[in-house]
Amino acid sequence: MDQSAAVWLVLVAAIVAANLPYFTERVLLVGPRRGRKAAWWRVAELVLMAALTFGLGSALEARIGQRHEQGWEFYAAAACLFITLGFPGFVWRYLRRGRD
């Protein structure tokens, strides 16, 4: 896999992963179906999805070549980007559909 394909793969995975917690009522996407999932479950799923996406990016970077060490600035910017990518799901869940 070349570098361009790896970048696009991570971006698509991040977009999907950032929006998944808002589109299902199942706990951790596979658990029991609940009436309404609490907001803290969605935040926990969002953190888990972010960690999995960062892991995918790191693994692809290591496979392509040498993995570069990142400082806290990289992770802060990546977390902000991940939260921003999840905005369409947030809008659909809380603003468009309401709380019902």
Verify same cluster id: W41, L52 (apolar side-chain graph, 4.5 Å): yes

On a heavy-atom basis, which atom in Y22 and which in L46 lie closest, and how many Å separate them? OH-CD2, 4.0 Å

State, yes or no, whether a side-chain contact exists between N19 and F87 at a heavy-atom distance under 4.5 Å. no

How are the rings of W92 and F23 set to each other: parallel, tilted or perpendicular (split at 30° and 60°)? tilted

So if you build clusters from Ile, Leu, Val, Met, Phe, Trp, Tyr with side-chain heavy-atom gaps below 4.5 Å, do L81 and V16 land together? no

Rounded to the nearest 0.5 Å, what's the gap from CG on L11 to CG on L85? Could you check? 7.5 Å

Spell out, yes or no, whether V7 and I15 are grouped together once hydrophobic residues are joined by side-chain heavy atoms under 4.5 Å, including indirect joins. no

Could you measure the distance from the OG1 atom of T53 to the CG atom of L48? Nearest 0.5 Å is fine. 9.0 Å

Start with the C-alpha gap between R26 and K37, add the side-chain angles, then the distance that decides, and say whether side-chain contact (heavy atoms from CB on, under 4.5 Å) holds. CA-CA 8 Å; R26 293 186 181 272; K37 195 168 21 173; 5.8 Å; no

Nearest heavy-atom approach of G57 to V10 is CA-CG2, 3.8 Å

If hydrophobic clusters are built from ILVMFWY residues whose side chains come within less than 4.5 Å, do V12 and I83 share one? no

In Å, rounded to the nearest 0.5 Å, how long is the span from CD of E61 to CD of Q3? 9.0 Å

As an exercise, state the distance from OH of Y75 to CZ of F54, rounded to the nearest 0.5 Å. 8.5 Å

Would you say V27 and W40 are hydrophobically clustered, going by side-chain heavy atoms of ILVMFWY under 4.5 Å? yes

CZ of F90 to CZ of R42: how many Å apart, nearest 0.5 Å? 10.5 Å

Within this structure, what is the OG1-CD distance for the pair T24 and E45, rounded to the nearest 0.5 Å? 7.5 Å

